[in-house]
Colleague: 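The structure under discussion is supplied below as structure tokens; questions concerning it will follow.
In the text below, chain A, chain B and the rest are named by the order of the sequence lines, each starting its count at 1.
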Amino acid sequence: SQQGEEDPQALSIQEGENATMNCSYKTSINNLQWYRQNSGRGLVHLILIRSNEREKHSGRLRVTLDTSKKSSSLLITASRAADTASYFCATDARGGYQKVTFGIGTKLQVIP
Amino acid sequence: DAGVIQSPRHEVTEMGQEVTLRCKPISGHDYLFWYRQTMMRGLELLIYFNNNVPIDDSGMPEDRFSAKMPNASFSTLKIQPSEPRDSAVYFCASSLGWTSGYEQYFGPGTRLTVT
């Protein structure tokens, strides 16, 4: 079963706007990661947030984690056409650091 | 570093044939993962290795699937006999484990079509 589930499944915005994607999960975690997948390519790691962190930034990316709600959000600010991709959250499980479960992804389209 | 290398990039085969997918992880990485991605089921972990030893193969769909890692620089995923429902993109990924925060580096994938 899916540990992480992203919402929305698809998102279309204009270039320059912000994009927010959400991830919900079911069991306690050690870390939560976000990955990007361009069409026809493998996944690329974007950012990791640990269970004791609440917010993390990397360039135009901002990730938040609310362990009480078992949810995370990924914000991409000032989006660009090159941000068009699918975005996945990946969660491990306490006691199982290496085995991560990927959600179904959010397909983001940024219109120039 | 060239990153994770997978071969072939595309494979078209007939039902019943044996298929072997290959992966070369990033040098120095001690974890290797095999995933399968389909529209219906998303990205599924099939098996992962640590220091060439299979740790968790609970995601392997059935006995037709087998994976090996004879050394730190090579792994194979074999399907015998193949079936049309095995059609998917198969990804290999590697990681350093806790020293890198568990970040996984993915290969470009092998698109398998079984007719």
Colleague: Establish whether Leu108(A) and Ile47(A) are linked, either directly or via other cluster members, by ILVMFWY side-chain heavy-atom contacts under 4.5 Å.
Modeller: yes

Colleague: Is the backbone of Gln104(B) close enough, under 3.5 Å, to the side chain of Tyr35(A) for a donor and an acceptor to pair up by distance?
Modeller: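 Indeed, once roles are kept as given, a pair shorter than 3.5 Å links the two residues.
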
Colleague: If you count heavy atoms of other groups shown closer than 6.0 angstrom to NZ of Lys107(A), is the number above 12?
Modeller: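 Count not over threshold, so no.
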
Colleague: What distance do Glu103(B) atom CD and Leu46(A) atom CG have between them, rounded to the nearest 0.5 Å?
Modeller: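 Here the rounded value is 9.5 Å.
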
Colleague: First locate atom CG of Leu43(B), then atom CG of Leu43(A), and finally report the distance between them rounded to the nearest 0.5 Å.
Modeller: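 The CG atom of Leu43(A) is 6.0 Å from CG of Leu43(B), to the nearest 0.5 Å.
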
Colleague: Would a hydrophobic clustering, with Ile, Leu, Val, Met, Phe, Trp and Tyr connected at side-chain separations under 4.5 Å, put Ile49(A) with Tyr25(A)?
Modeller: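 Same cluster.
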
Colleague: Near Arg80(A) CZ, under 6.0 Å, is it more than 12 heavy atoms from other residues, nucleotides or ligands?
Modeller: no

Colleague: Look up atom NZ in Lys99(A) and atom CD1 in Ile55(B), then write down how far apart they are to the nearest 0.5 Å.
Modeller: 11.5 Å

Colleague: Write out, in numerical order, the residues from residues 106-115 of chain B with a heavy atom short of 4.5 Å from a heavy atom in chain A.
Modeller: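 Interface residues of residues 106-115 of chain B: Phe106(B), Gly107(B), Pro108(B).
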
Colleague: Does Val110(A) share a hydrophobic cluster with Leu61(A), counting links as ILVMFWY side-chain heavy atoms below 4.5 Å and allowing steps through other members?
Modeller: yes

Colleague: Please determine whether residues Leu96(B) and Leu32(B) belong to a single hydrophobic cluster, defined as Ile, Leu, Val, Met, Phe, Trp and Tyr linked transitively by side-chain heavy-atom distances below 4.5 Å.
Modeller: no

Colleague: Is the number of heavy atoms from other residues, nucleotides or ligands under 6.0 Å of Glu55(A) CD greater than 12?
Modeller: yes

Colleague: Applying a strict under-4.5 Å side-chain criterion to I, L, V, M, F, W and Y, I'd like to know whether Tyr31(B) and Ile5(B) cluster together.
Modeller: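 No, Tyr31(B) and Ile5(B) fall in different hydrophobic clusters.
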
Colleague: Going by residue number, which parts of residues 60-80 of chain B are within reach of chain A, meaning a heavy-atom gap below 4.5 Å?
Modeller: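 At a heavy-atom separation under 4.5 Å, chain A is reached by no residue of residues 60-80 of chain B.
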
Colleague: Apply the test side chain to side chain contact (heavy atoms under 4.5 Å, CB included) to residues Phe91(B) and Gln37(A): give CA-CA distance (whole Å), side-chain angles for both, the deciding distance (0.1 Å), then the verdict.
Modeller: CA-CA 12 Å; Phe91(B) 289 102; Gln37(A) 183 180 33; 3.4 Å; yes

Colleague: Side chain from CB out, backbone as N, CA, C, O: work out which of these in Gln6(B) comes under 4.5 Å of a heavy atom of chain A, or both, or neither.
Modeller: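 For Gln6(B), there is no contact with chain A at all, as no heavy atom is under 4.5 Å.
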
Colleague: Atom CD1 of Ile104(A) and atom CE of Met39(B): how far apart are they, to the nearest 0.5 Å?
Modeller: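 It comes to 10.5 Å.
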
